[in-house]
Chemist: 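Sharing a structure with you now.
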Amino acid sequence: ANQLNLPADEYQQAIHTNLVQEMFSTLSERGYKSLNSRNETYLGDAQLASLYRFWEHGNMSALYSATFNLPTGPKYDPDDLAALNVFGRTGVENRVTMSYLIGAHWEAAPFISYMSYLPDQATMRVPTDADDVIPDQNSKETLSRQIGGTAMVGGNMFYTMNDTWSFGLGYSYEQKTQDTYQGSQG
């Protein structure tokens, strides 16, 4: 049944279209890298961490940690739809963790943290409007980018069997602010 209300010849053409081939053709025409299987290994962003135990009393303690994210990973690639594009960012996470030792083997560790990023620049494809879901390669622009901060609250539960084996389970809730981008072409 022709539910699209197309003329018969257009309907036959539509139902016999190879959608996968059409997608690959469109991506190629717009300058994107091929989507195929990959086996990639690379170093992500390096992190430096500083830890300071600022309070301790009996079986409880509090730890402050600052983690600096250094942009050593792969840069943003606007031509690769399969790229992770979450590396190459400079940021810092501040975290406070409480530690409660429960008996000889258990530890509960609730925490709160905030991750913020420094503004940077990235070359990206900029859509012309809301319907432009696969922007053309001519739409590339170097944008000023501010990655939104992320507030997190959560907790971990650890079971230490011995000096070699320890098991943990954790849960966290995150709330991220909006990313903003600004370019010279509006």
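In this text the structure is predicted, and so the values were computed from the model without any measurement.
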Chemist: Minimum heavy-atom separation for Lys33 and Asp80, please, with both atom names.
Modeler: CD-CB, 4.0 Å
Chemist: side-chain hydrogen bond (donor to acceptor under 3.5 Å, both in side chains), that's the test. Do Gln121 and Thr142 meet it? Break it down for me.
Modeler: CA-CA 6 Å; Gln121 291 189 332; Thr142 300; over 6 Å; no
Chemist: Report yes if some heavy atom in the side chain of Arg89 is under 4.5 Å from a heavy atom in the side chain of Pro71; otherwise report no.
Modeler: no
Chemist: Could you give the distance from CD (Gln21) to OG1 (Thr26), rounded to the nearest 0.5 Å?
Modeler: 9.5 Å
Chemist: In terms of side-chain heavy atoms, does Gln47 have a donor or acceptor partner in Thr67 at a distance below 3.5 Å?
Modeler: no
Chemist: If two hydrophobic side chains count as joined below 4.5 Å and joins carry through other members, does Val20 share a cluster with Leu81?
Modeler: yes
Chemist: Considering non-hydrogen atoms only, spot the tightest contact between Asp132 and Val126 and give its length.
Modeler: OD2-O, 4.5 Å
Chemist: Start with the C-alpha distance between Met115 and Glu174, add both sets of side-chain angles, then the distance that settles side-chain contact (heavy atoms from CB on, under 4.5 Å), and finish with yes or no.
Modeler: CA-CA 10 Å; Met115 179 72 176; Glu174 299 179 16; over 6 Å; no
Chemist: Spell out, yes or no, whether Tyr114 and Ile147 are grouped together once hydrophobic residues are joined by side-chain heavy atoms under 4.5 Å, including indirect joins.
Modeler: no
Chemist: Looking at CG of Asp77 and OH of Tyr32, how far apart are the two atoms once the value is rounded to the nearest 0.5 Å?
Modeler: 10.5 Å
Chemist: Looking only at atom types and distance, does a side-chain atom of Ser28 sit under 3.5 Å from a main-chain N or O of Phe24, one as donor and one as acceptor?
Modeler: no
Chemist: Between Gly31 and Gln137, what is the shortest heavy-atom contact and its length?
Modeler: CA-OE1, 3.6 Å
Chemist: Return the OG to CZ distance between Ser113 and Arg95, rounded to the nearest 0.5 Å.
Modeler: 4.5 Å
Chemist: If you compare all heavy atoms of Thr97 against all heavy atoms of Ala109, which two are closest, and at what distance to 0.1 Å?
Modeler: CG2-CB, 4.0 Å
Chemist: When hydrophobic residues are tied together by side-chain contacts of less than 4.5 Å, even through go-betweens, does Val133 share a cluster with Leu19?
Modeler: no
Chemist: Using the ring-ring contact (aromatic ring centres under 6.0 Å, His included) rule, collect all pairs that involve residues 49-79, keeping only residues at least two apart or in two chains.
Modeler: none
Chemist: Looking only at heavy atoms, what is the nearest atom pair of Ala62 and Met98, with distance?
Modeler: CB-SD, 3.5 Å
Chemist: Look at the side-chain heavy atoms of Ile, Leu, Val, Met, Phe, Trp and Tyr, link any pair under 4.5 Å apart, and say whether Ile102 and Met60 land in one connected group.
Modeler: no
Chemist: Less than 4.5 Å apart, any side-chain heavy atom of Pro135 and any of Thr128?
Modeler: no
Chemist: Following the transitive rule for hydrophobic clusters with a side-chain heavy-atom cut-off under 4.5 Å over Ile, Leu, Val, Met, Phe, Trp and Tyr, establish whether Met157 and Tyr100 coincide in one cluster.
Modeler: no
Chemist: More than 12 foreign heavy atoms under 6.0 Å from CG of Asp129: is that the case here?
Modeler: yes
Chemist: A side-chain contact here means heavy atoms from C-beta on lying under 4.5 Å apart; do Tyr171 and Pro110 qualify?
Modeler: no
Chemist: Quick one, Thr123 and Lys75 - any side-chain contact, counting heavy atoms below 4.5 Å?
Modeler: no
Chemist: Got a second to check how far Met124's CE is from Lys140's NZ, nearest 0.5 Å?
Modeler: 12.5 Å
Chemist: Do other residues, nucleotides or ligands put more than 12 heavy atoms under 6.0 Å from Ile15 CD1?
Modeler: yes
Chemist: I'd like to know if the side chain of Thr177 and the backbone of Thr150 have a donor-acceptor N/O pair within less than 3.5 Å.
Modeler: no
Chemist: If you look at every heavy atom in Asp120 and Gly88, which pair is closest and at what distance?
Modeler: OD2-O, 3.9 Å
Chemist: Should we count CD of Gln182 as having more than 12 external heavy atoms under 6.0 Å?
Modeler: no
Chemist: Supply the atom-to-atom distance Thr160 OG1 to Trp165 CH2, rounded to the nearest 0.5 angstrom.
Modeler: 13.0 Å
Chemist: Check this for me, if you would: do Asp136 and Arg30 make a salt bridge, where the nitrogen-to-carboxylate-oxygen distance has to be below 4.0 angstrom?
Modeler: no
Chemist: When rounded to the nearest 0.5 angstrom, what distance separates CG in Leu118 from OG1 in Thr90?
Modeler: 5.5 Å
Chemist: Do the side-chain N and O atoms of Glu107 and Ser99 include a donor-acceptor pair separated by under 3.5 angstrom?
Modeler: yes
